[in-house]
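Here is the structure we will look at, set down as structure tokens.
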Amino acid sequence: MTDTEVCGCDHDPQEEVALWRGADITLSLLFPPFPDPVGAVRPALPPHDPVRARAFAEQLGTVAEVLEVLPARPLGDLPQPEVRADLDHVAVGCWGGLVQITDPALGCDLVSDAMSDEIAAQRARHPQARIVGSVEVDHGNAYLEDEVVLPTGEHLFAGGWDCDGDEGWEYRGDPDAILRAIGADPETAAEAGFEPDGEPYQRDYGALGAVVLGLHRPVAGGEERQVSVFRVRRSRRGCGNLREVWFRR
């Protein structure tokens, strides 16, 4: 069986997920033309494209098959998973050049490489895109991971537990190189919440990702982003990711 084949594991759909106070797991792709990072405001994003959203859901390495299209909902109204059945829901928003995917099977820690594996696959499929992965999972102590890959080759990774200080963190890449590559200065990054000169484990790498995606500036006019929600059958990889992270006791 390959990673993309259907997972054959049995599970109780009403089994409660273990010891979680919340999670924020997002994979984003931004396609050219890229926005100016130093503009005062950004234009409102185009309407959501549900057909393109389904295509992205079907391409994920954690998904073997889309089983059902559920009602669309606002991006800010996605519920936290509470039971095993909730973990088979994947949300995808496609607004022009920006794609954002919320998939609990991309949750990870320094043992599981679920997000990094998917970023590598997306980079091979979409070499022209900027790709940003962001993970925050809370077991009482929180695991935080951010990864940025640019089409020009710059690559940043930062991951660790909030209780470990700098010793338990892993870093690869140079934030200054990321900022230079996208044409952003340190002042713009600092205004967004990323302090380039701060202690590495205290930096808000999610804010750096927002600058890369052009989402750090206020929007011109109202914007209510809708996302498509899919119930999926998990691939072997997706099942393994969920079992490793969401049901660890």
Side-chain angles (χ1 to χ4, degrees), residues 1-9 11 13 17 23-31 48-73 75 78-81 84-109 111-137 145-149 151 155 157 159 209 212-213 225-247:
M1 179 184 286
T2 67
D3 282 348
T4 56
E5 289 176 342
V6 175
C7 174
C9 61
H11 58 262
V17 300
D24 187 359
I25 302 165
T26 305
L27 172 65
S28 303
L29 296 91
L30 181 66
F31 293 87
H48 170 60
D49 182 345
V51 175
R52 190 164 173 241
R54 177 166 184 156
F56 269 93
E58 291 173 336
Q59 291 174 359
L60 290 170
T62 57
V63 172
E65 181 185 6
V66 170
L67 299 175
E68 182 181 5
V69 180
L70 302 174
R73 58 194 311 159
L75 176 63
L78 293 174
Q80 289 288 333
R84 177 61 180 79
D86 298 335
L87 299 177
D88 289 333
H89 293 172
V90 174
V92 184
C94 293
W95 313 282
L98 177 65
V99 178
Q100 288 192 315
I101 299 163
T102 301
D103 181 358
L106 297 179
C108 53
D109 52 28
V111 176
S112 168
D113 294 324
M115 180 63 79
S116 291
D117 288 346
E118 188 60 41
I119 286 176
Q122 294 293 335
R123 177 164 172 71
R125 187 176 290 118
H126 304 291
Q128 76 278 31
R130 296 177 180 175
I131 305 175
V132 175
S134 181
V135 175
E136 179 175 353
V137 294
E145 179 176 304
D146 290 280
E147 189 166 0
V148 176
V149 181
H155 189 173
F157 176 93
V212 170
L213 298 171
R225 283 191 271 168
Q226 294 284 311
V227 297
S228 294
V229 182
F230 307 98
R231 185 173 65 87
V232 304
R233 190 190 315 279
R234 290 297 182 183
S235 66
R236 183 182 183 186
R237 182 196 302 176
C239 274
N241 292 349
L242 293 174
R243 184 167 52 246
E244 174 67 23
V245 176
W246 286 86
F247 295 101

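All of these numbers come straight from a predicted model, not from anything done at the bench. If you read the sequence from its start, that first residue is 1, and numbering goes on from there.
Of all heavy-atom pairs between N241 and A114, the closest is ND2-CB, 3.3 Å. Between V212 and L30, the shortest heavy-atom distance links the atoms O-CD2, 3.7 Å. The minimum heavy-atom distance linking D146 with S134 is given by the pair OD1-OG, 3.1 Å. Here the closest heavy-atom approach between residue M115 and residue T26 is recorded as CE-O, 3.6 Å. Looking at every heavy atom in both residues, C108 comes nearest to V137 through O-CG2, 4.0 Å. Considering all non-hydrogen atoms of both residues, A105 and G238 come closest at CB-O, 4.1 Å.
Here the CG atom belonging to D109 is positioned 6.5 Å from the CD atom belonging to E244, to the nearest 0.5 angstrom. In this structure, D86 CG and R231 CZ are separated by 12.0 Å, a value rounded to the nearest 0.5 Å.
With contacts defined as side-chain heavy-atom distances shorter than 4.5 Å, the pair E65/S235 does not qualify. Looking only at side-chain heavy atoms (C-beta outward), Q59 and H126 come within less than 4.5 Å of each other. You'll find the side chain of L27 reaches within 4.5 Å of the side chain of I119, heavy atoms only. With contacts defined as side-chain heavy-atom distances shorter than 4.5 Å, the pair L70/E68 qualifies. Between F157 and E145, the closest side-chain pair of non-hydrogen atoms falls below 4.5 Å. For the pair I101 and V90, the minimum side-chain heavy-atom distance is below 4.5 Å. Residues P151 and P127 form no side-chain contact, since every pair of their non-hydrogen atoms from C-beta on lies 4.5 Å or further apart.
Side chains of Q100 and S28: a donor-acceptor N/O pair is present below 3.5 angstrom, by distance only. Under 3.5 Å, the side chains of E118 and T62 contain no donor-acceptor pair of N or O atoms.
The aromatic rings of H48 and W95 lie tilted to each other, with the angle between the two planes from 30° to 60°.
Of the residues V149, D117, L60, the one that meets the side-chain contact (heavy atoms from CB on, under 4.5 Å) test with Q122 is L60.
Judged purely by atom type and a 3.5 angstrom limit, W246 uses its side chain to pair as donor or acceptor with the backbone of P104.
Between D49 and R54, none of the side-chain N atoms (NZ, or NE/NH1/NH2) sits under 4.0 Å from a carboxylate O, so this pair counts as no salt bridge. With salt bridges taken as basic N to acidic carboxylate O contacts below 4.0 Å, one links R234 and D88.
Taking the centre and axis of the six-membered ring of F31, the NZ or CZ atom of R52 falls inside the cone set by 45° and 6.0 Å.
Residues meeting the side chain to side chain donor-acceptor pair (under 3.5 Å) test with R73, sequence neighbours left out: D77. With sequence neighbours excluded, the residues satisfying side chain to side chain contact (heavy atoms under 4.5 Å, CB included) with A91 are L78, T102, V227, V229. With sequence neighbours left out, H89 forms a side chain to side chain donor-acceptor pair (under 3.5 Å) with no residue at all.
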For L242 and R84, run side chain to side chain contact (heavy atoms under 4.5 Å, CB included): C-alpha distance rounded to whole Å, both residues' side-chain angles, the deciding distance at 0.1 Å, then the answer.
CA-CA 9 Å; L242 293 174; R84 177 61 180 79; 3.9 Å; yes

Set out, in order, the CA-CA distance, both residues' side-chain angles and the distance that settles side chain to side chain contact (heavy atoms under 4.5 Å, CB included) for E58 and V92, then state yes or no. CA-CA 11 Å; E58 291 173 336; V92 184; over 6 Å; no

